[in-house]
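Handing you this structure, nothing more for now.
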Amino acid sequence: MADYIKAYESWVNSDFFDEKTKAELQSIAGNEKEIKERFFSELEFGTAGLRGVIGAGTNRMNIYVVARATQGLANYILSKNGQDRGVAIAFDCRHFSPEFADIAARVLAANGIKSYRFESLRPTPELSFAVRYLGCIAGINVTASHNPPEYNGYKVYWEDGAQITPPNDIGIMLEVRKLGIEDSKIISLEEAKEKGLYNIIGKEVDDAYIEELKKLVIHKDTIEKFAKDIKIVYSPLHGTGNIPARRILAELGFENVYVVKEQELPDGDFPTVDYPNPEAKEAFKLALDLAKEKDADLVLATDPDADRLGVYVKDTKTGEYMCLTGNMSGSLLAEYELSQIQATRGIPKDGRLIKTIVTTNLAACIADHYGVKMEECLTGFKFIGQKMLSYEHSGVGTYLFGFEESYGCLIGTHARDKDAIVATMALCEAATYYRSLGKTLWDAMIDMYDRYGYWIDDIKTITMKGVDGVEKIKSIMSMLRKNSPKKIGDYEVIAVRDYDTDIVRNLKTGAETPTFLPKSNVLYFELTNDTWLCVRPSGTEPKIKFYFGVKGSSLENAKELSARFAEKVSSLIENLVNA
C-alpha cells in the first residue's frame, strides 16, 4: 500500500480529526489521484512559512497543518526565551484566514506565549510594523497574497519585522519537522483570554502606522496646492487595502479618490477577477473603465494583502492609460524619492538602494546618478529586510529605497516588508510634485528613460501543478545547469551565475568567482548588449519563472528588442518543457 494511501486512511479513521474534515476526505474515497495530491507529501514549511490549496490532507492548508506550524514556532520561541515578548498575528480576506489566525493564537497560548491578534483583516505591511511597534519576538500573517481563491498561506516574521531569514528560518523549520500532525498543544479561546495570553489589537496600531507613513511625505506643499486637482481611481481587489489606502489619502488632502465599487469589499472568492494580482492586466478592467469615466490621472490597485501596488498613469498627449510594470513604478518611485531627498536634505554618504537580482538594471543607473550604493539580494522582500537589519547592526548603510520587480517596494523603515499603502501615498504625492512642474507621472517616466536609457524588463511564467509539475520544474533547472545555452537569439552568453553552487562562471575566460549571496535554486545568464535572463522556480506557487531584460536606443526600439527576445525565450521554454 502506498504511503499516501496509509496517510489518508489514518486521517479518516483517527478520532483526532473533526467530523467535517473526515467527511471531506470520505467524499474522495476511491479517487487515488486526488488522495495522492493531498497526501503524497506534507505541505512544506519553507523559508517564509506555508502556502497551499485549502482542504483536508497533509499537503493542504487546514487547521491541523497551521497548528503544527505554530507549535514548531512556539518551540523555537521558547528555546530563545522569547515567550514574554509575544507574537503579533494578522490575517487577510481569504477563506479560513480568521480561523487560522485564531488557531495560531490558541496554540501559542497553550505554550504560555502571549499573542496580539488584529480584530479584523489588516495589510501585510501593518503586521510587519506591529511586530516592532509592540516589541514582539515574532509575527504571523495568514495570507496567500495574490494567489488564486483556493489558496491560503501562513507567513512568519521575526523581531525585526521582516520575514524569517537564516538562522531563524532554519531553526523554526527544524522544530516543525520534529512534530507529527497530532503533536500540537491547544487551549480554548476562553482559557487563553482568562490567562491574558490572547489579546485583540486594532485602532492603536492603525493610528501609529498611519502616523509613521505621514512622516515620510517630502512635499506637503505640493500636496496642499495640487491634491484637489489630482483624480485617482483605486481598487483594493476585494482585499485588505481599502480602509488604510483611502484613509492615508483622505488625511493628506486627496479629495478625488474614486473606488471601484464592485471590488471595494473583502471577498475571499474574488468574484470580479480570475486572479487577484495587480500584475495581471485583466484585474484592471473595472478600474480602467471607471478611470475613463472620471478622466482620472492615475489608476491604482493593491493585491489582497496590500503589499503590492499595480499602476496605470494617463498619457495626456494620447489620452491612453499606460501600464507601469513593477520595474517601471519601482524605478519611478526610486527616482522621485532619491531626487527629492537630495534636493531637500541631501543624500547620506552611506545611502543605499536595494533591489533583487531579477529586478531591472535601470536601478543601478538611478543609484549611480545620486551617488548611492546599490546592493542586490535574492528574490523575496525578506532579503531586503535582512539588508536593512545589517545596516542597523553594523552602523554602516542608510536605507533609502528598496524594490522588486513584482510590484513591491518600501519607502521608509517603519516596516520590513513591501508596503503598497506607503507606495500609494508616495505615488500620489509624486503626482502633485510633477503637476507643480507642469508634468504628469508618464512625463516623468519618459524623462527618466531619456536620462538613463530605455530599459525594458519582462517575465514569462509557466505553471506546472501537482506531483508531475514539481518533477518537471526540477528537470528544467537540471537541464539548464547541465547544458547551459551559449547563445539566446542574437545575444551571446557572457557569464552564468549559479546561485545554488555559489559560482559565477565567465564563459570566455573560464574564470569562476563567488556570487556572494546565499544558496538558492536560481540561474542568471548575463548576455551581450546589457541583456539578461534569469530562471527560478517560484517559492510560493507551482510555477517556474523566466525573467529577462533588454536596453534599447529609444522606447520603441527597446519594446521591439524585448518582443524579439521574448520570442527566443519562449522557444527556449518550449524546448525545455518538451525535452
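Computation of the quantities below employed the complete heavy-atom set of this structure, encompassing side-chain atoms and omitting hydrogens, waters and symmetry-equivalent molecules.
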- Message: So that I can tick it off, tell me whether Arg308 and Glu279 are bridged by a salt bridge, with the cut-off set at under 4.0 angstrom between side-chain N and carboxylate O.
- Response: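 Here Glu279 pairs with Arg308 in a salt bridge, since their nearest N and O are under 4.0 Å apart.
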For Tyr275 and Pro278, indicate whether the former's side chain and the latter's backbone hold a donor-acceptor pair under 3.5 Å.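 No; zero donor-acceptor contacts below 3.5 Å.
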- Message: Quick check: Phe403 with Phe401 (ring centres under 6.0 Å apart)?
- Response: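 Centroid distance Phe401-Phe403: below 6.0 Å, so yes.
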Check your understanding: Within the distance-only criterion (no hydrogens, no angle test), does the side chain of Asn62 pair as donor or acceptor with the backbone N or O of Gly55 below 3.5 angstrom?
Key ->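 Side chain of Asn62 to backbone of Gly55, a donor-acceptor pair under 3.5 Å: yes, one is there.
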- prompt: Minimum heavy-atom separation for Ala287 to Val299, with atom names?
  reply: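 Distance-wise, the nearest heavy atoms are CB-CG1, 3.6 Å.
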* Asked: So, Thr240 side chain and Pro304 main chain: donor-acceptor pair closer than 3.5 Å or not?
  ->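 Such a contact is found between Thr240 side chain and Pro304 backbone.
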TODO: Pick out which of Thr325, Thr360, Thr359 makes a side-chain hydrogen bond (donor to acceptor under 3.5 Å, both in side chains) with Asp457.
DONE: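 Result for side-chain hydrogen bond (donor to acceptor under 3.5 Å, both in side chains) with Asp457: Thr360.
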Closer than 4.0 angstrom, basic N to acidic O: yes or no for Lys155 and Asp417?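 No, no charged N to carboxylate O under 4.0 Å.
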Stepwise salt bridge (charged side-chain N to carboxylate O under 4.0 Å, His left out) check, Glu375 with Lys387 = CA-CA 9 Å; Glu375 294 200 60; Lys387 289 278 189 185; 3.0 Å; yes
Discussion item. Looking at Ala296, is its backbone amide N or carbonyl O close enough to the side chain of Tyr321 to form a donor-acceptor pair, meaning the two atoms are under 3.5 Å apart?
Written reply: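 A pair under 3.5 Å: yes.
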Between Lys228 and Glu255, is the salt bridge (charged side-chain N to carboxylate O under 4.0 Å, His left out) condition met? List the steps. CA-CA 6 Å; Lys228 63 182 181 299; Glu255 300 173 4; over 6 Å; no
> What's the verdict on salt bridge (charged side-chain N to carboxylate O under 4.0 Å, His left out) for Asp305 and Arg122, showing C-alpha distance, side-chain angles and the deciding distance?
Replying inline: CA-CA 7 Å; Asp305 66 324; Arg122 291 298 191 282; over 6 Å; no
Margin query: Whether the side chain of Ser128 engages the backbone of Arg416 through a donor-acceptor N/O pair (distance < 3.5 Å, no angle test) should be reported.
Written below: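 Between the backbone of Arg416 and the side chain of Ser128 there is a qualifying donor-acceptor contact (under 3.5 Å).
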If you compare all heavy atoms of Leu353 against all heavy atoms of Ala363, which two are closest, and at what distance to 0.1 Å?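 Here Leu353 and Ala363 meet closest at CD2-CB, 4.1 Å.
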* Asked: Going by atom types alone, do Thr432 and His219 pair a side-chain donor with an acceptor below 3.5 Å?
  ->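 No - no donor-acceptor pair under 3.5 Å links their side chains.
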- Query: Donor-acceptor pair, Asp297 side chain versus Lys231 backbone, under 3.5 Å?
  - Reply: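 Checked: pair present.
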How long is the straight-line distance from OG1 of Thr222 back to CD of Gln340, given to the nearest 0.5 Å?
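Between Gln340 CD and Thr222 OG1, I get 8.5 Å after rounding to 0.5 Å.
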On a heavy-atom basis, which atom in Val358 and which in Cys534 lie closest, and how many Å separate them?
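For Val358 versus Cys534, the nearest heavy atoms are CG1-SG, 3.5 Å.
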ask   = Between Lys551 and Gly453, is there a donor-acceptor pair closer than 3.5 Å when you use the side chain of the first and the backbone of the second?
value =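 No, the answer is negative, given that no donor and acceptor are paired below the 3.5 Å cut-off.
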Between Phe284 and Tyr312, is the gap from one ring center to the other below 6.0 Å?
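Between Phe284 and Tyr312, the centre distance is under 6.0 Å.
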- request: Might you work through the salt bridge (charged side-chain N to carboxylate O under 4.0 Å, His left out) test for Arg94 and Asp267, ending with a clear yes or no?
  value: CA-CA 7 Å; Arg94 288 178 178 273; Asp267 191 330; over 6 Å; no
(request) Apply side-chain contact (heavy atoms from CB on, under 4.5 Å) to Asp102 and list each qualifying residue two or more places apart in sequence or on a separate chain. (result)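 side-chain contact (heavy atoms from CB on, under 4.5 Å) list for Asp102, sorted by chain: Arg106, Arg117, Leu189, Tyr198.
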Taking Ser570 for its side chain and Ala566 for its backbone only, find out whether a donor-acceptor pair lies under 3.5 Å.
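Yes.
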- request: For this output row, return yes or no: ring centroids of Phe548 and Phe565 closer than 6.0 angstrom.
  value: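 Phe548 vs Phe565: aromatic centres under 6.0 Å.
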For Glu24, is there an ion pair with Arg38 - N to carboxylate O distance below 4.0 angstrom?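 Yes, Arg38 and Glu24 are salt-bridged.
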Which residues share a side-chain contact (heavy atoms from CB on, under 4.5 Å) with Glu212, sequence neighbours left out: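 Per chain and number, Glu212 pairs via side-chain contact (heavy atoms from CB on, under 4.5 Å) with Phe129, Lys215, His414.
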Problem set entry | Glu429 and Tyr336: side chain donor to acceptor below 3.5 Å |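 Their side chains do contain a donor-acceptor pair, which is all the 3.5 Å distance test asks for.
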(Q) Can a donor-acceptor pair be found, under 3.5 Å and without considering hydrogens, that links the side chain of Ser97 to the backbone of Cys93? (A)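 No; zero donor-acceptor contacts below 3.5 Å.
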Roughly how far, to the nearest 0.5 Å, is the CZ atom of Arg536 from the CD1 atom of Ile357?
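Rounded to the nearest 0.5 Å, the CD1-CZ separation comes to 8.0 Å.
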Salt-bridge contact Asp207-Arg247 (side-chain N to carboxylate O under 4.0 Å) =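 Looking at Arg247 together with Asp207, the answer is yes, because their closest N to O distance falls below 4.0 Å.
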**Prompt:** Under 3.5 Å, is there a donor-acceptor pair between the side chain of Asn152 and the main chain of Gly52?
**Reply:**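 Side chain of Asn152 to backbone of Gly52, a donor-acceptor pair under 3.5 Å: no, none is there.
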